[in-house]
Amino acid sequence: MEFPKAYDPAEVERRWYAFWEARGVFRAEDGAEDKRPTYVVHMPPPNVTGSLHIGHALQCSWQDALIRWHRMRGFNTLWQPGIDHAGIATQLVVERLLLREGKTRHEVGREEFTKRIWKWKEEKGGRIAEQQRVIGSTADWARSKFTMDSSMTNAVTEAFVQLFDQGLMYRATRLINWCPECQSALSDLEVETEEGANGELFEFAYLVEGSDERLVVATTRPETMLGDTAVAIHPDDPRYTHLHGKRLVHPFMDRTIPIVTDAILVDMKFGTGAVKVTPAHDFNDFATGKRNGLDEINILNKDGTLNENAGPFAGLDRKRARTAVKKALEEKGLAVGSKPHRLNIPRCGRSGGVVEPMISTQWFLKMDSMAKSAVDAVKTGKTEIIPADWSKTYFHFLENIQDWCVSRQLWWGHQIPAWYGPNGEVRVARSRPLECGEGWTQDPDVLDTWFSSALWPFSTLGWPDKTAALDKFYPSSDLETGYDILFFWVARMMMMGLHFMKEVPFKRVILSGIVVDETGEKMSKVKGNGVDPLDLIYGATFKEVVAKTMPDTPEAEALTRFKKAYPSTAQMGEGFPAFGADAVRMTLLTFPPSNRRIALAPKRIEGYRFFANKMWNATKYSMEHLADTKIDPDAKTPEATMLANRWILSRLDRAAKIANDGMTNVRFDETANELYRFFWTDVCDWYLELSKITFFHGTEDERKETRAVLGFVLERSLRLLHPLMPYVTEELWQRLCFPDTPLGESWATLALRAYPEGGEGDAAVEKEVDLLQKVIGAARTIRSEHDIKWVVEIPVVIRSENATALESLRRNVSWFTSLTKSKGTPVIETSGARINGAVAAIVPTDAGAVEVHIELRGLVTKDEELTRIDREKKRLEKDLAAVTKKLGSPGFVDRAPKEVIEEAHQQKASMENALTRLAEARSFADEL
RNA sequence: AGGCGCGUAGCUCAGUGGUAGAGCACUACCUUGACACGGUAGGGGUCCCCGGUUCGAAACCGGGCGCGCCUACCA
């Protein structure tokens with residue numbers, strides 16, 4: 001089989017996704033006869049309007065790593081995918097399309113409009129699922145659900161009816177958040193506050209009835225005065241005692257309004273101490289109205305224009321009305337003035353329009369008892385939130401929760417299963433009740449999209465039917481999602497799951513952070529600092545990137561802004577190369593999951609592409625030397641007698657342990673970093689180099705053992721890395737294990753091999769090798785410091801009083817010779833004559849230093865050597881001073897643990913010994 | 001205003017009581033039979049500041065400064 005010199009992710013990755021799919025790797029088994037333990041993850045269903053962004057890529061990487069890891073460990077894994085119908089977002093998209101035809105949804109009608117949305121969905125919607133495949137997600141796509149599927153609608157209806165029958169779902173008239181742009185009610189959570197907006201505080205006066213006295217109030221929304229039904233003062237405010245019980249004249253309406261006293265609303269110290277009260281358009285005022293029995297006058301139409309209650313201002317839109325009211329007040333001499341004021345503006349999370357509190361009749365879901373259960377489930381540990389810090393936020397939300405306004409005045413969504421009769425009757429049922437004939441109409445409103453999402457962990461499995469899948473896969477194991485939807489989704493699933501299934505929907509909640517740009521700024525369309533993961537996977541020029549993210553900005557400026565957001569791209573030329581999905585995944589996995597912000601540096605991704613190339617070439621090398629050795633993936637750990645082989649097997653064992661621990665503890669970064677380190681440093685830098693000694697100079701027996709170990713280590717390394725970097729590992733595994741089968745045609749797949757468990761390794765072997773590495777390192781440092789060319793072979797003498805070390809060095813002298821290019825065989829001795837004109841490196845050990853003397857006469861100058869020794873000396877002295885101080889400090893010897901003291905003594909002795917040797921070496925420098 | 005989080009090498013980040021770590025970037029040398037998407041070696045840090053606990057603090061506690069996010073908001 002051809003083995004190109006460099007790894008090409010684009011060529012390789014393309015090959016494997018369909019391969020896995022064809023082998024049924026992703027499938028979960030419903031059947032009761034399948035006795036494997038289950039592992040279930042629900043993928044947060046992305047919006048049907050959405051396309052893959054880097055946040056999805058992060059979550060896919062995490063979830064796929066968890067899923068693949070469990071699958072390899074023999075779990076019956078279900079990764080449940082799906083798509084969310086995203087009520088408002090989708091409706092807005094299709095409305096915008098209609099607008100291009102010059103039509104509104106009201107003109108085409110509800111039925112036609114809904115048809116159009118479905119058509120749009122079939123053509124354009126849900127493309128994200130294809131993109132999720134690109135990054136390697138092994139979800140069970142055959143089970144994918146759309147929240148508007150009939151089975152989902154069935155579940156939503158059932159849930160609604162049950163909740164209504166239980167008295168938890170009710171209809172009420174109250175002040176709610178209204179988005180005039182969407183013309184719909186919103187839940188509290190869908191309102192986003194724009195902080196610190198520049199506005200003004202406008203002051204005007206009401207005249208006291210029957211006098212000339214003026215009472216000055218202030219407002220940031222002057223037009224709301226049209227709905228004022230009182231002015232409140234503090235009962236204890238001496239300035240206004242004489243006004244108690246008086247009334248004020250409304251300047252534009254034919255009414256007077258009372259002056260009420262209210263200690264809750266009014267802060268005497270703020271402003272004039274008098275507050276206008278608009279119960280129908282302000283949450284605080286609404287409560288004040290209830291306390292004081294005030295009228296509630298709604299002055300707004302659903303589209304945000306003023307209604308007939310606004311008298312002369314009726315018909316104006318909010319903004320114009322504000323100007324008009326101010327002007328009219330000025331004309332009447334009632335305006336007092338205005339000053340700049342910073343305020344927070346509530347905006348609709350979807351449309352961005354300014355939200356207006358408005359009195360309206362809506363459906364609400366009672367939250368208190370369900371919220372309590374959801375709190376208890378976490379407090380009692382039935383569900384664990386990771387990182388645990390988030391529990392506090394979760395509790396705070398649920399302990400202060402308001403009833404959930406679930407009805408939306410949209411056309412796209414699950415229509416509320418309530419019918420209203422001609423005489424005000426209300427019927428809630430699974431389908432239109434027979435008695436609801438002539439004169440009855442179904443509630444036109446739909447349910448909040450999050451209501452259907454809240455049922456997801458069981459609705460996707462067939463609820464309310466008792467299905468095999470529901471039986472087997474509820475509750476799920478882990479839920480992994482961004483912390484930004486902790487309230488929207490996670491908390492609500494908890495409540496619904498506990499309510500309907502009497503059991504928590506998931507055992508662990510893993511909350512991920514937000515991917516931000518390289519400088520830590522949140523990615524946003526406005527800033528244009530987003531990155532499309534597909535551009536990273538497939539490659540793209542920076543011009544192409546900014547054309548997408550900042551389409552309205554001139555190219556040069558856009559490029560400047562882009563480079564500012566991603567400084568590391570300065571070293572990348574004209575664009576991103578194709579990093580490949582593996583590199584993108586690996587990068588995202590190396591951030592600790594507890595990080596709230598994940599600053600994506602493209603340069604870092606490059607590093608993992610290089611890592612894939614390293615794996616590629618290590619495999620290439622191995623296969624060249626394995627010759628006809630058949631790699632049996634089922635082989636047990638081979639017997640090893642040679643130190644290098646025993647060592648790498650030990651390291652493999654420990655790396656596997658660390659990898660598993662990381663996955664268990666949701667520390668993917670620890671898994672990823674250890675496997676990276678293990679493969680690059682232990683396998684490539686040391687083991688492959690050592691294996692060359694055997695392959696080129698060893699006996700046939702040695703070669704045979706080394707081939708077996710090399711093949712084994714490589715095969716297991718690929719397994720270990722597979723959940724993180726599935727593509728390159730599958731490719732290399734196929735090449736390694738089935739060299740005669742054309743790629744993509746074998747039946748076996750790495751995705752279904754057992755994940756190595758690992759263990760503690762062999763400490764004695766690792767300690768021995770550690771010393772050899774240090775001695776080799778010391779010799780290399782000398783070479784490098786003195787600029788000795790690689791091809792120059794140099795005589796070496798090694799001396800030490802450490803008998804164990806000497807013995808090991810003698811046995812493994814070829815390591816030293818080969819890896820330091822020393823001449824002939826180094827002389828290894830306890831003491832005795834040293835080479836004239838040699839420089840020495842000192843390696844401290846716990847049984848006397850190892851000295852490495854290298855003959856460099858004629859190759860270096862005395863000064864160079866003195867510089868080197870002095871630097872070494874300085875370093876040792878610094879460390880020695882630290883440990884000496886520690887040992888001398890009062891209390892340390894008395895109070896520190898025995899082993900710590902012992903260690904300190906040993907360090908001291910070893911450094912002192914090394915310093916003595918170094919001083920000797922210094923005197924030798926004269927001979928150079 | 002409250003809550004939460006963060007501040008460690010030029011950059012992105014690990015490290016949670018025992019002599020400061022990784023990757024990238026940087027410097028020098030090297031095309032050595034897997035890999036220049038590479039190798040070998042090296043330089044670089046008052047661990048934000050101030051107190052306290054401790055024999056010992058980057059880590060634990062208190063206070064401050066700076067940054068970010070969330071919740072609630074004064075008309």
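Chain naming here is simple, since letters A, B, ... match the order of the sequence lines and numbering starts at 1 in each.
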Q) In residues 591-606 of chain A, what residues come within less than 4.0 Å of RNA chain B, judged by heavy atoms? A) A/Phe591, A/Pro592, A/Asn595, A/Arg596, A/Arg597, A/Ala599, A/Lys603, A/Arg604
Q) Of the residues in residues 392-399 of chain A, which ones touch RNA chain B at a heavy-atom distance under 4.0 Å? A) A/Lys392, A/His396
Indicate, yes or no, whether a donor-acceptor pair under 3.5 Å links the base of [N] to the side chain of [X].
{"X": "A/Lys5", "N": "B/A36", "result": "no"}
{"X": "A/Lys614", "N": "B/C35", "result": "yes"}
{"X": "A/Glu689", "N": "B/A34", "result": "yes"}

When all nucleic acid strands are considered with a 4.0 Å heavy-atom cut-off, which category describes [X]: base, sugar-phosphate, or nothing?
{"X": "A/His341", "value": "sugar-phosphate"}
{"X": "A/Pro897", "value": "base"}
{"X": "A/Asp685", "value": "sugar-phosphate"}
{"X": "A/Ala882", "value": "nothing"}
{"X": "A/Lys821", "value": "nothing"}
{"X": "A/Glu670", "value": "nothing"}
{"X": "A/Asn673", "value": "nothing"}
{"X": "A/Phe611", "value": "nothing"}
{"X": "A/Arg342", "value": "nothing"}
{"X": "A/Arg609", "value": "base"}
{"X": "A/Ile788", "value": "nothing"}
{"X": "A/Leu265", "value": "base"}
{"X": "A/Asp282", "value": "nothing"}

Q.
Closest-nucleotide mapping onto RNA chain B: is A/Asp389 or A/Val275 further toward the 5' terminus? I mean the 5' end.
A. A/Asp389
**Q.** Position toward the 5' end of RNA chain B (nearest nucleotide), A/Thr681 or A/Thr220
**A.** A/Thr681
Would you indicate which nucleotide in [options] comes nearest to any side-chain atom of [X]?
{"X": "A/Ser784", "options": "B/A75, B/A41, B/G33", "answer": "B/A41"}
{"X": "A/Arg667", "options": "B/A14, B/G38, B/U19", "answer": "B/A14"}
{"X": "A/Arg780", "options": "B/G18, B/U40, B/A34", "answer": "B/U40"}
{"X": "A/Val266", "options": "B/A14, B/A75, B/U71", "answer": "B/A75"}
{"X": "A/Lys620", "options": "B/A14, B/A34, B/G18", "answer": "B/A34"}
{"X": "A/Asp879", "options": "B/A25, B/U19, B/C11", "answer": "B/U19"}
{"X": "A/Lys522", "options": "B/C70, B/A41, B/A34", "answer": "B/C70"}

Counting C-beta onward and ignoring hydrogens, is there a side-chain heavy-atom pair between [X] and [Y] closer than 4.5 Å?
{"X": "A/Phe695", "Y": "A/Leu688", "result": "no"}
{"X": "A/Met725", "Y": "A/Tyr676", "result": "no"}
{"X": "A/Leu588", "Y": "A/Leu600", "result": "yes"}

Does [X] make a cation-pi contact with [Y] (under 6.0 Å, within 45 degrees of the axis)?
{"X": "A/Lys614", "Y": "A/Tyr608", "result": "no"}
{"X": "A/Arg604", "Y": "A/Phe591", "result": "yes"}
{"X": "A/Arg780", "Y": "A/Trp686", "result": "yes"}

Between [N] ([atom2]) and [X] ([atom1]): distance, integer Å:
{"X": "A/Glu521", "N": "B/G68", "atom1": "CD", "atom2": "C1'", "result": "9 Å"}
{"X": "A/Asn613", "N": "B/A34", "atom1": "CG", "atom2": "P", "result": "14 Å"}
{"X": "A/Trp390", "N": "B/C69", "atom1": "CH2", "atom2": "C1'", "result": "7 Å"}
{"X": "A/Glu899", "N": "B/U19", "atom1": "CD", "atom2": "P", "result": "13 Å"}
{"X": "A/Lys878", "N": "B/G45", "atom1": "NZ", "atom2": "C1'", "result": "10 Å"}

With both distances kept under 3.5 Å, what pairs with [N], Watson-Crick or G-U wobble?
{"N": "B/G62", "result": "B/C50"}
{"N": "B/A41", "result": "B/U27"}
{"N": "B/U71", "result": "B/A1"}

At under 4.0 Å, does any side-chain N or O of [X] touch on OP1 or OP2 of [N]?
{"X": "A/His625", "N": "B/G33", "result": "no"}
{"X": "A/Trp680", "N": "B/A34", "result": "no"}
{"X": "A/Lys789", "N": "B/U40", "result": "no"}
{"X": "A/Asn284", "N": "B/C74", "result": "yes"}
{"X": "A/Thr781", "N": "B/G42", "result": "yes"}

Q | Step-by-step side chain to side chain donor-acceptor pair (under 3.5 Å) determination, A/Lys326 to A/Ser338 | A | CA-CA 10 Å; A/Lys326 280 160 66 179; A/Ser338 72; 5.9 Å; no
May I ask you to decide whether [X] forms a salt bridge with [Y], counting only side-chain N to carboxylate O separations under 4.0 Å?
{"X": "A/Arg347", "Y": "A/Glu192", "value": "no"}
{"X": "A/Lys527", "Y": "A/Glu521", "value": "yes"}
{"X": "A/Arg221", "Y": "A/Glu356", "value": "yes"}

